[in-house]
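Down below is the structure, laid out as structure tokens.
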Amino acid sequence: MSIPIPGIKDISKLKFFYGFKYLWNPKVHDKIFDKLDLTKTYTNPKELKVLDLYPGVGVQSAMFYNRYSPQQYSMIERRSSLYKFLQANFEDSPLQILKRDPYDWSTYSNLIDKERVFVPEVQPSDHINDSFLTVANVTGEGSEGLIMQWLSCIGNKNWLYRFGKMKMLLWMPSTTARKLLARPSMRSRSKCSVVREAFTDTKLIAISDGDELKGFDSKCLEEWDPIVFSAADIWPTKGKPIALVEMNPTNFDFDVENWDYVTRHLMILKRTPLNIVMDSLGHGGQLYFNSRITDKELLKKCPIDLTNDEFIYITKLFTEWPFKPDILMDFVDMNQTEHSG
Amino acid sequence: MLRPVYRSVVKTSVLQKRLLSSKGSKLYKPSPDSTSTLIINDDPLVAASSSSSSSPSGIINSNDFPLFNKSNKNTTNNLSYQWKNASNMEFDPFNKSHASAITSMTRTRDVMQLWSLLEACLQSNLMKRAFSILESLYLTPEHKQRFIEDYNMYLDAFSKNEPNFPIIKMNEKLTNDLETSFKDINYNDKTLAIMIHHALNLHPTASSMLLSPTISAYLKMSVNGIRDILSNLDILTISDLSILVNDLKVISLSQLPTSVKPILESLAPSSTLVNNIENENGFNKTAAEKDLNIEKKLEFGRDSIRTPSLDPLREASLDGSMGVLPKDAEKLVAVDTIGMRVIRHTLLGLSLNAQQREQISKFKFDANDNVLNMKPTENGEESNTSINFFEIYNSLPTLEEKRAFESALNVFNQDRQKVLENRATEAARERWKHDFEEAKARGDISIEKNLNAKLWKWYNDMLPLIKEEISHCKSLLSEKSVNKRALNKVDSNRLGYGPYLTLIDPGKMCVITILELLKLNSTGGVIEGMRTARAVISVGKAIEMEFRSEQILKSESQTFRDVNKKSPEFKKLVQNAKSVFRSSQIEQSKILWPQTIRAKIGSVLISMLIHIAKVSVQGIDPITKAKVHGEAPAFAHGYQYHNGSKLGVLKIHKTLIRQLNGERLIASVQPQLLPMLVEPKPWVNWRSGGYHYTQSTLLRTKDSPEQVAYLKAASENGDIGPVYDGLNVLGNTPWTVNRNVFDVVSQVWNNGEGFLDIPCAQEEMVLPPAPPRNSDPSILRTWKLQVKTIANKFSSDRSNRCDTNYKLEIARAFLGEKLYFPHNLDFRGRAYPLSPHFNHLGNDMSRGLLIFWHGKKLGSSGLKWLKIHLSNLFGFDKICLEDRIAFTESHLKDIKDSAEHPLTGERWWTTADKPWQALATCFELNKVLKMDNPEEFVSHQPIHQDGTCNGLQHYAALGGDVEGATQVNLVPNDKPQDVYAHVAKLVQKRLEIAAEKGDENAKILKDKITRKVVKQTVMTNVYGVTYVGATFQIAKQLSPIFDDRKESLDFSKYLTKHVFGAIRELFHSAHLIQDWLGESAKRISKSIRLDVDEKSFKNGNKPDFMSSVIWTTPLGLPIVQPYREESKKQVETNLQTVFISDPFAVNPVNARRQKTGLPPNFIHSLDASHMLLSAAECGKRGLDFASVHDSYWTHASDVDTMNVVLRDQFIKLHEVDLVMRLKEEFTQRYKSYVKIGKLKRATDLAQKIINIRKDLSKKLGRNTTLADEIYFEKKRQELLNSPLLEDKSIGEKMITTVSLFQDVKDLDTLELENGGDENSGMSVLLPLRLPEIPPKGNFDVRVLKDSQYFFS
DNA sequence: GTTCTATTTAATGATATAAGTAATAGAAAATCG
DNA sequence: GGATTTTCTACCGACAATATCATTAAATAGCCA
């Protein structure tokens, strides 16, 4: 028996979406699932456990379940109006609804370690975890930070990534997708695209139609061949376009802390060639790196043109720098409170 | 009033010019009658007003100045206003009210920038460019009135540039310029002065025969009389005047300006010197050197020949213009100057002991050599180089001797002050050089170790870079045709900042840059460095400041350069004339460098410094683990993120930081802003007062031209005399450093340990170990936060220590000196010392280090107050006076111990609330108590009298609130009331009641309410603290009681409600007034001025509100709340772009801040008035007076007098219903303003409006907007104000949606307050009305007269 | 020599940046349809 | 016109985001009559 899928009529009655947007059109969802071809990874869906963060109205959740019937499908949703909606629609379904806050780290430690409500299997990092999948919708304009934090969790191998290379299907604003997916020399290339490149293998799966599409490189679009759906397939209709990406963690081996410092600082002046920009890494950086980097072509490049491998190379030189600055003290403290009676 | 005889310049000018331009000798023989026919009497005001563009929106409305009537001496007693008309129709950049004139605002900015550029170009002799700037200025229509001043600037520079340009040619040029290039511009007396000066200073070979008639001709052309020409002392030098009087005899002594008359009188004709040699040789010298030469001449006569110097410093300088003390000067100063010999003579004539005698006879009374004790003391040479003037002064037995001593000291200090303000950079440079040479003798390692030696190296490396840059700029600027397209980016930038960069001696710029950067270490929240934005602007400002004082010095020495007489009396005359001169110079200067230029200059210099400043560093090679030595830049430019925003930072290398921590930082204190050695220049004008060579403004305006406009108008109207009086009393209080306390602090400091609020010296910070990378994100986060907290603590400790270091070093420099704090005001009128770091507003330590210079015998009541003071410092200030005395008397042993063994004893003083001040008091008390007759003890300790919650005192007086007044000691009582304790009691009562009703929270909290818990909230309540804010305050107090933070916060929330309730209950009428002020501010800031440019109404029905809240204090000071939306822009500099605000942008008001700001600001403006009134009165009564806002200080013996004054002035202030007066002022000022409100639809009036709108809609073919209605109402007003009768009558017939309200009386019944039915209200423009004043209570402020605890 | 247009440059505005919403959370003002 | 979202959060002294890209306005060159 399949779970009934909420229709747009019911969905449109909902008022509060907290800035998040959801694809409601089941037809597009079908196309997406076809494209994702998840059974290739999850050869035995019966053993699959799915964590659905911010499921919203649950259209995707229900359709997922109907398609694959995983062992466990848990939805984490705390926002009251949406939680009520989920309850009303899926109370008696096999979908598990948990009223927790996906933003809060403790949600996961409680669920996994304390209450053991959702316990994924730890798998080695030579392959994508084939019994654990996370689906999330972080389409809120103000919630981009959460995505970035999750990304850095891949680098730290903590949070859900302690269970191995877990695949994540992630809805996000199209602009965020554009930034994340940008490749060297592209306009949107920024630190977070380097992070994406360093830790994951990410593909654009689907994206709503609109101006934002123009920001993507045409070659890349050709490569990913995403499903382009109409902006009308999203609810609420107002707001900016959204996109779905598939994120697969990759293996990496470098000094993350120093790499973080190096990329962060270099990407500030991303159009300044390396032979000049290195001074912003610390006292006398230019002199040091100009003597260490033997490849004169590399020195002519700008940070925006660098691949992650090149960043790793620079990081290596950075760690070998005898006078390298203290990377821990890389912050400012805004005026703390003083003055009293 | 007698009006000076004006001549209509419009009609005479052409004829005069023709006369002047006539060729040949005719010019020099003007027939007397031909000139006299040129004088046509005409009313100049007519011409002026008709030629001015008289846009009403561009000038402050006459309604804007409701000021107090000065005719009645008791200003506060008079409720009638005198609406002064600031009918200043001239264009003036500051004379703009924000509410209007968006376009002229941008023009203002343009003019300001052109001015600063013009000045810069003239200084750099870029005459061509200057001329083209003049042409641009000429095109600004509003500027015409003042244009001649700019032209004069140009002409003066031209004259200096071409000293041998024949006068005929000069005259031709003038005629040509004014007739063709700048039509309609007429010369003024200054122009004539320039011509006369030029004529007088032409090479003597020029036909001096013709000199006299030429000059006579110019004199006769005077616009406002010969006197006016002669008053231009910045043009005409003393020797010029001397020639005019004595040689040419074209003028008489009586026509001279009063300040210089005595000088010329005493200059016998024979001794007059005209120094033409100086004229020929000295043109490209900087002011400093010129001045130096003057100084030397003043002191040794003109025979002293400057020996050519081989000093490397001089060699290094650009075109030999380094303003440094020549080496041979040292030899010279060893010889006494006559003036100084007299001082020494005077001093030695006093009753001195042998040691003092020896000190004085050894002491070099030379200002250059003995500015301040800034040299290290380790060498033990102190006794030779400095004198403890304070000790000598104190040891003098008689008043006469003291006076004589002070007078001699003053003459010496006048010179030192001048050096202090002008030669500080040279002094620093000298010190570096000295240290470098010493270190060099010891070897290379010690150069690296010695900071100053290193700085000297940087200086020498940087200098050529700057010079190169300057010469780049110069060649670029002097290029004939500037092909903008062909320029690269660097060069086009140079074009912008170049003119400014060439103004100042490169060496000075080096020193300033280095010092500024060192000073800014660890500021702006940066761990080891500073914010780039701040750095570039600071350097830019410092450069500008240097330039300004150089300018003043330069023109001063120019004018007085030939004055050469040696008697001390004469010297005093000159000093006096000079100070008058300076005052007027500062007053005249209106030019400021644009912020963008400052930033650019700063960045250029800083990037050079970054480039050359190196430190040697050592690190560990991560691979080989070997120690590596190397060299790294001392400064590095980079970025850091804060909440996702980039922040440009300038990092300082750790090695240098460590070195700085152990260093005496006196050198980097901005020397222009140290305390003064002589009385500050009195405030006579809104921009003249305080330091002698550094310009400061009366009001600390927040880059708001609006504030300046009102201040300026008030100042020019002569309305704020009482403010000046009060401020001058504050500035004239002489202080000295408390040596006893200083010794203790110094000992503690050198120890390096933490003591009281001095944090200990820390080398490295200790961080907790990092958790493994794959720990839960929450764990990683808490660790990060820990690190941040520790780092913050570390850096705040360090900057704290650094700040203490500054204070201490300044104190050390001023040991034994007589010092003054020049003051100015914040925008509400509260007074602050101009000198940062070390002043009596500082922390406990700063205050403890300061005592009055003058001593006064304790007399009959002094001892009592000294004892009370100690008790107050220990926090026992809310018990009756007898108990406080008893407290002190019960600790006599402790006092003795504290005074005699401050660190080795029991350290009782450290337990005080304000330990350092307590220690200071202990020292005095200890001495007093040893005396047989304590009344004879001469006390220097300032005794404080603090208001009990001063803000609430004013509120209570305003509201006539008997209960409140009682609580804050306005009502006589035998025991002081403790507001905080009382509130606590009330809260306690409330809680008990609640607890009885079964309230759980109340049960837990009810016994935990102390005075301390509520104190901060009661205090901040005056400032309008919100519920949330108060909750945090209380939570902070409760946190020790509860373990759980969450719990503590919950309780706090609950408690806050009760505390607020209690305060409201207790100070009910105060709150009503607070609310009234808030509501009024809200309405005003949401109102629309009709004559506003429609552009600000572009959003249809949502206008930008432009009116800020403005009022006048009882002293006549206009106060403008500067809260507006800020608009900042990115400005490109060498290092990065910086984000700075454009002061001339016209921004809408920030209604919220206007609203929350008015209640506290109004109250502060009152307490400031009270303070200034009291200060003036105390000054009159011969008291030494100081204040920290609501804490008033004087000698122990004078406390009783002061208290009487305080009460009298408070009564005087509040005898008038100030709230009523404020409302009247508001009503008057915002008379024709409208607001957007809602009108009941079902009324006749509403129907009429609908009809008008319908008609209008038809005409326009679209829906009407409120903007349209404003437009028509504006039209109507314009017509009504038109001088043409027909216009007026059209206006009278016109009906607009606004005019309909004119006759409506019962608006209240028609207007819908917030809410109402949806369809019953419609948006209309309503006249602005203010809420009703809450009723005043029965408290009569006059009972205060007998309240001894009012201030205690 | 002028006027008009094409092209380049300067000026201005918009957007992204990092990555626990700084320590906190509930009211008041502003916005939007 | 009313609900939702954003913006605060006690006053003053006090002190500050920036790099890059897109778009628009202005200026210059060129062109031709």
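Considering only the side chain of B:Lys646, D:dA19 comes nearest among D:dA16, D:dA19, D:dC11. Side chain of A:Arg271, nearest nucleotide from D:dT18, D:dC21, C:dA19: D:dC21. Closest to the side chain of A:Leu269, out of C:dT17, D:dC12, D:dT20, is D:dT20. Comparing atom distances between the A:Tyr103 side chain and each of C:dT17, D:dC8, C:dG20 picks out C:dG20 as nearest. Out of D:dT18, C:dA19, D:dT20, the shortest distance to the side chain of B:Phe1139 is found at D:dT18. Side chain of B:Arg531, nearest nucleotide from C:dA19, D:dA16, D:dA14: D:dA16.
Using a 4.0 Å heavy-atom cutoff across all strands shown, B:Gly648 reaches sugar-phosphate atoms only and no base atom. Among the atoms of the strands shown, only primed sugar atoms or phosphate atoms (P, OP1, OP2) are found under 4.0 Å from some heavy atom of B:Tyr639. At a threshold of 4.0 angstrom between heavy atoms, the contacts of B:Phe1162 with the nucleic acid are absent. At the heavy-atom level, B:Leu785 lies under 4.0 Å from the strands shown only through sugar-phosphate atoms. Contacts of B:Lys788 with the nucleic acid, taken as non-hydrogen atoms under 4.0 Å apart, are absent. B:Asp826 comes within 4.0 angstrom of the backbone, heavy atoms only, and of no base. Contact annotation for A:Arg178: backbone-only contact, meaning every heavy-atom pair under 4.0 Å involves sugar-phosphate atoms and none involves a base. Among the atoms of the strands shown, only primed sugar atoms or phosphate atoms (P, OP1, OP2) are found under 4.0 Å from some heavy atom of B:Val1138. At a threshold of 4.0 angstrom between heavy atoms, the contacts of B:Asn1021 with the nucleic acid are absent. Within the nucleic acid shown, B:Arg781 comes within 4.0 Å of at least one base atom, counting heavy atoms only.
Comparing A:Ser143 and A:Ile268 along DNA chain C, the residue whose closest nucleotide (by nearest heavy atom) sits nearer the 5' end is A:Ile268. A residue-by-residue look at B:Ile1140 and B:Arg700 shows that B:Arg700 has its nearest nucleotide of DNA chain D further toward the 5' end. In this structure, B:His1189 and B:Val1028 both approach DNA chain D, and ranking their closest nucleotides by distance from the 5' end singles out B:Val1028. Position along DNA chain C of the nearest nucleotide to A:Trp105 versus B:Lys1082 favours A:Trp105 as the more 5'-ward residue.
With centroids closer than 5.5 Å and planes inclined by less than 30 degrees as the test, B:Tyr1027 and the base of C:dG26 fail to qualify as a stacked pair.
With A:Phe20 as the aromatic partner, A:Arg79 meets the cation-pi criteria of under 6.0 angstrom to the ring centre and within 45 degrees of the ring axis.
A sub-4.0 Å separation between OP1 or OP2 of D:dG13 and a side-chain N or O of B:Tyr832 is absent. Side-chain nitrogen and oxygen atoms of B:Lys1155 include at least one within less than 4.0 Å of the OP1 or OP2 phosphate oxygen of C:dA29. In this structure, B:Thr1137 reaches the D:dA19 phosphate: one of its side-chain N or O atoms is under 4.0 Å from OP1 or OP2. Remark: B:Arg534 is not in phosphate contact with D:dA14, judged by side-chain N or O atoms under 4.0 Å from OP1 or OP2. For the OP1/OP2 pair of C:dA18 and a distance below 4.0 Å, the side-chain nitrogens and oxygens of A:Lys191 include no atom meeting the criterion. Residue B:Lys784 has a polar side-chain atom (N or O) positioned under 4.0 Å from OP1 or OP2 of C:dG20. Contact check, B:Gln1130 against D:dT18: no side-chain N or O comes under 4.0 Å of OP1 or OP2. At the phosphate of C:dA19, neither OP1 nor OP2 sits under 4.0 Å from any side-chain N or O atom of A:Ser152. Phosphate contact (OP1/OP2 of D:dC21, side-chain N/O of A:Arg187, threshold under 4.0 Å): absent. Listed pair B:Arg830 / D:dG13 fails the phosphate criterion, with no side-chain N or O lying under 4.0 Å from OP1 or OP2. When the side-chain nitrogen and oxygen atoms of B:Lys1053 are compared with OP1 and OP2 of C:dG26, one or more of them lie within a distance under 4.0 Å.
Residues B:Glu516 and B:Lys519 are paired through a salt bridge, judged by an N-O separation under 4.0 Å between the basic side chain and the carboxylate. Under 4.0 Å is where a charged nitrogen must lie from a carboxylate oxygen, and between A:Asp217 and A:Arg187 no such pair does. In this structure, A:Arg189 does not pair ionically with A:Asp305, as no charged nitrogen and carboxylate oxygen lie closer than 4.0 Å. In this structure, A:Glu144 pairs ionically with A:Lys179, as a charged nitrogen and a carboxylate oxygen lie closer than 4.0 Å.
Across all strands shown, C:dA23 has no partner, as no Watson-Crick or G-U wobble contact with both distances under 3.5 Å is found. The nucleotide C:dA6 finds its pairing partner in D:dT28, both defining distances of the Watson-Crick or G-U wobble pair being shorter than 3.5 Å.
Looking only at side-chain heavy atoms (C-beta outward), A:Ser193 and A:Leu180 stay at 4.5 Å or farther from each other. Using a 4.5 Å cut-off on side-chain heavy atoms (C-beta onward), A:Arg271 and A:Ile304 make contact.
Distance CG (A:Asp330) to P (C:dA19): 9 Å, rounded to an integer number of Å.
Side-chain contact annotation: B:Tyr1123 with B:Asn1161, donor-acceptor N/O pair under 3.5 Å present.
No donor-acceptor contact under 3.5 Å links the side chain of B:Gln1136 to the base of D:dA17.
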